Amino acid sequence: MSEIDPLLEGLTEPQTQAVTHVDGPLLVLAGPGSGKTRVITRRIAYLVKGVGIAPWNVLAITFTNKAAGEMRDRVAQLLTERQARATTVATFHSLCARLIRQYADRLGLPPGYSIYDTADQKRAMKQALEDLEINTKNFPPASMLSSISNAKNDLLDAAGFAKQASNFYDRTVAKVYTKYQAILERNGALDFDDLLLKTVSLLKQHPDVLAELRERFQYVMIDEYQDTNHAQFMIANALSAEHQCIMCTGDPDQSIYGWRGANIQNILEFEQHYPAAEVVRLEQNYRSTKTILAAADALIVNNRGRRHKELWTDNPTGDPVQIVTCADERQEAGWVAEEFKRLHEEENVAWGQMAVFYRINSLSRVMEETLRNSSIPYQIARGTAFYDRKEIKDAIAYLRVVANPSDEVNLLRVINTPARGISAASVKAMQAFALANNQPFDELLGDPLRVTALNSRAQNSVAKFGKTVDTWRTTAGIVAAENHDPTAPQPSLRGFVEDVLRDSGLETFYRNDKSDPDQERLANLGELVTSAQQFEEEYLFEAEQAGEYEQVHLREKLLAFLEQVALVSDADGVDSSQGSVTLMTLHAAKGLEYPVVAMIGVEDGLLPHDRANDDPQELEEERRLAFVGITRAEERLYLCHGKYRTVFGQTMPTIRSRFLTELPADVVEEVDPSSDPHAMEDDLFGGGGGTQRSLAAKQAGQFPPGALVKHPQFGLGRVVNVSPMGAHTRAKIDFTTSGTKTLILQYARLELIDV
DNA sequence: AGGTTCGAGTTTTTT
DNA sequence: ACTCGAACCT
């Protein structure tokens, strides 16, 4: 018993009930900040340490890779590192990707199959529409893809979709779906939805595999269950149907992925699916002040058809929630930056404890600029941003071409990038040849002489490129080497990535890129090499922990690396130890918490978003989104909105969000920087010109070059130059102790010491 | 082949 | 307002 005691220490009654539940289905309805993650990690430890269940029989599914990593770390603190690594903690998508690779032969897929991201999907879709000669004006690729995605989430394949298509539009979608899927198949590729779909069919059509996996994953735990879709439900269900040891945790009030096919019924009907289910409610909140919790509750009660939870906390009352009315997005950003700076300086709040949330990504830009100009360190939670860069996508495309010879979409991307004398016309000719001879495009690389439509120069270029690709594939073990020595030391992944960057000419290309004088793109490629190295080290360590002492082949490392790269999510980029303010969308904020939270753009049209206006269901999802944002805050919460906002270069008046009017007066405090005369002049009638320019000029005149000034943070400095930029005035100042900085006069609180 | 210009689309949220 | 792609030019 003494082994178990620490696992139950400090748990409340319902928490203990959930942690010590061993067999049979369990549903944990967990309000925000109710210690849900704690319950899951303790339960894993309890099952292993307390009950004696083998760690490899435990499967935990989280919403993001980052959450999976954190969960593994927390379990490792309760168990041993080795035990923790023996459990499977993954997202649905990464679990599926792994299973598909493992059982690729059953599905008729190459193990090196590509996972297509949104950009790849778009390319494949454009190809499909082109092949079918369908007008992209009437049938935009993006909406085609979203229709197909919806179908896939409901486990409808192309044939199934065609059967139920009842109107012209749907019949067209059916045709496109069929074509799109054929292209993916030809390329040996799956899109995100296919990962789930293929796993479902793997489990359905191969009873032996299903039996194997049921034996393996006897205890299944699924977090954020309110955001699972039908396919995910089927997978969870198939795995746990026999043992019935399934634990689902979630909160219907935090369901925010309905638009992506998430089915809130999964959690609401859990007790119908599993009549034997035990249900535990976690309603005590450990995160937020009474005031913040009251605000959140007052908001969410406006949703109909929900079951009310009695959220409560022992935490102090705390400060009122501040509703901040600004003139426009610039003042809004400036106000948040100032307030954060004040908290940092006066109340010792670390930068890493503060976050800014917004409904749509585009709102981050002005906030970013302002933070940069105020010299406040910040990070944006966009895990994918790095992999979205052109140079990185190119490099990854090369690796995919190596790993998956069928992947024509990626091959076409890189075949003449950087330019190597294979013109678009040559590519067209080769495609036509491949089609006429019913031959994979890829094979022509090794045999371009047969394509008589190519002139000899082009043939040479293609042959040379084909040889390079072949060398890579031999090194990586994708194609067999002539005198293959299985005991030869395996090349490192890092070295291989470097080889590809060098031999492809990408490195040289970006080294000589005149449009990038700072060599940023080159540095990014270097960063990719580093990430490959880190991945490799981690991978080898895991293999060792798992008791695999044999050499890990480069091929295996490469495939695993590509898989990981394809599945990074935005929220994966959040690093709270970074000592910087974090910016993210409300969706990415799910599952996180910060002492100080500012939500910007809390206006009708943004939150709730315009697109949700005519649908009460979607409006409720927007309200849940606001609820998620509010409940991330521990101590201080700012809800900001501007009276005017500039979108697409057009300044429009706004209306404050209806959600703000749902907050009771006794928990909020109105702050109105927009009535500050200083700011009014500045921005309110932006297009007018006269007021703005004269103000900027006046400010510029106050701080002539050479003037001695004092800044609250950077101390004394001399003005180098002052430049009015639109509504703002930027001043470059050489500080005695902090170096040269560019500040915006409006926000910098500069004090003139001497002219 | 590489650079330039012009126009369109962009911004809802993401694995 | 800004970025990105296609078409066009040198």
Side-chain angles (χ1 to χ4, degrees), chain A residues 61-68 90-97 115-119 121-123 126 136-137 140-142 145-146 149 152-153 190-197 199 224 227-229 231-232 255-262 329 357-366 381-385 387-388 390 416-426 457 461 509 512-515 563-573 584-590 601 605-613 618 621-622 624-626 628-629 645-651 686 726:
Chain A
I61 295 181
T62 58
F63 200 72
T64 63
N65 293 300
K66 179 174 170 268
T91 64
F92 266 110
H93 289 269
S94 63
L95 175 75
C96 292
I115 299 171
Y116 276 6
D117 65 14
T118 322
Q121 281 180 285
K122 239 187 183 156
R123 281 164 168 264
K126 277 191 179 150
T136 53
K137 283 260 151 38
L145 284 168
S146 105
S149 175
K152 287 182 175 179
N153 285 329
L190 300 181
D191 62 24
F192 289 127
D193 302 313
D194 286 335
L195 293 175
L196 305 174
L197 211 62
T199 304
E224 309 285 8
D227 285 321
T228 50
N229 63 30
Q232 292 167 330
S255 161
I256 54 175
Y257 283 96
W259 53 273
R260 193 172 94 179
E329 68 272 13
F357 301 156
Y358 34 81
R359 175 66 235 265
I360 59 174
N361 276 307
S362 61
L363 291 192
S364 74
R365 217 196 72 236
V366 174
R382 281 196 107 177
T384 53
Y387 294 101
D388 280 343
K390 186 183 172 301
N416 201 34
T417 310
R420 55 171 65 86
I422 307 176
S423 68
S426 305
R457 253 199 5 221
S461 308
F509 179 79
N512 300 331
D513 184 4
K514 283 192 286 293
S515 65
E563 183 180 297
Q564 186 207 254
V565 164
L567 297 177
V568 284
S569 69
D570 280 1
D572 295 339
M584 71 184 95
T585 63
L586 285 162
H587 284 88
K590 187 170 76 160
L606 284 172
L607 183 68
H609 193 271
D610 256 336
R611 302 275 264 259
N613 254 339
E618 286 182 45
E621 182 153 311
E622 296 289 314
R624 290 194 292 268
L625 200 48
V628 166
R645 191 166 296 272
T646 305
V647 183
F648 294 141
Q650 216 128 35
T651 305

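Computed from a predicted structure; not experimentally measured. Excluded from the calculations below are hydrogen atoms, water molecules and symmetry mates; all remaining heavy atoms, backbone and side chain alike, are included.
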> Quick one: A/Asp227 CG to B/dT13 C1', roughly how many Å, whole number?
Replying inline: 11 Å
> Nearest-Å distance, CG (A/Asp194) to C1' (B/dT15)?
Replying inline: 13 Å
>> Measure NZ/A/Lys122 against P/B/dT14 and give the value in whole Å, please.
In response: 15 Å
>> Closest-nucleotide mapping onto DNA chain B: is A/Arg611 or A/Asn416 further toward the 5' terminus? I mean the 5' end.
In response: A/Asn416
> Out of curiosity, A/Gln564 CD to A/Ile115 CD1, how far, rounded to the nearest 0.5 Å?
Replying inline: 11.0 Å
>> Once ring-ring contact (aromatic ring centres under 6.0 Å, His included) is applied, do any residues pair with A/His609, and if so which ones, sequence neighbours excluded?
In response: none
> So which nucleotide from B/dT11, B/dT14, B/dT15 ends up closest to the side chain of A/Thr118?
Replying inline: B/dT15
> Are A/Leu145 and A/Asp191 side-chain neighbours, meaning at least one heavy-atom pair lies under 4.5 Å?
Replying inline: no
> What is the distance, rounded to the nearest whole Å, between atom NZ of A/Lys126 and atom C1' of C/dA6?
Replying inline: 11 Å
>> For B/dT14 and A/Asn361 - does any side-chain N or O of the residue sit under 4.0 Å from the phosphate oxygens OP1/OP2?
In response: yes
>> From the set B/dA1, B/dT14, B/dT11, return the single nucleotide nearest to any side-chain atom of A/Thr585.
In response: B/dT14
> To the nearest Å, how far apart are A/Glu224 CD and B/dT15 P?
Replying inline: 13 Å
>> Rounded to whole Å, please give me the gap between CG in A/Leu625 and P in B/dT12.
In response: 14 Å
> Can you list the residues that meet the side-chain hydrogen bond (donor to acceptor under 3.5 Å, both in side chains) rule with A/Ser94, with sequence neighbours excluded?
Replying inline: A/Thr91
>> Output the rounded distance in Å from OH (A/Tyr257) to C1' (B/dT15).
In response: 9 Å
>> Taking atom types as they are modelled, would you say the side chain of A/His609 forms a donor-acceptor pair with the base of B/dT12 within the 3.5 Å cutoff?
In response: no
> Which sits closer to the 5' end of DNA chain B, A/Gly421 or A/Asp193, going by the nucleotide each is nearest to?
Replying inline: A/Gly421
> Does A/Gly258 offer a backbone N or O that forms a donor-acceptor pair with the side chain of A/Glu621 under 3.5 Å?
Replying inline: yes
> Residues in ring-ring contact (aromatic ring centres under 6.0 Å, His included) with A/Phe63, at least two apart?
Replying inline: A/Tyr257
> salt bridge (Lys or Arg N to Asp or Glu O under 4.0 Å) with A/Asp227: which residues, sequence neighbours excluded?
Replying inline: A/Lys590
>> Between the base of B/dT12 and the ring of A/Trp259 - centre-to-centre under 5.5 Å, planes within under 30° - is that a stack?
In response: no
>> Once side-chain hydrogen bond (donor to acceptor under 3.5 Å, both in side chains) is applied, do any residues pair with A/Tyr358, and if so which ones, sequence neighbours excluded?
In response: none
Any N/O pairs under 3.5 Å between the protein and nucleotides 7-9 of chain C? List them or say none.
none

> Nearest to the side chain of A/His587 - B/dG2, B/dT11, B/dT14?
Replying inline: B/dT14
> Across the strands shown, which category fits A/Phe92 at heavy-atom distances under 4.0 angstrom: base, sugar-phosphate, nothing?
Replying inline: nothing
> Quick one: is A/Ser362 getting a side-chain N or O under 4.0 Å of the B/dT12 phosphate, OP1 or OP2?
Replying inline: no
>> Does a side-chain N or O of A/Arg359 approach OP1 or OP2 of B/dT12 to a distance below 4.0 Å, or not?
In response: no
> A/Asp191 has an atom CG; how far is it from atom P of B/dT15, in whole Å?
Replying inline: 15 Å
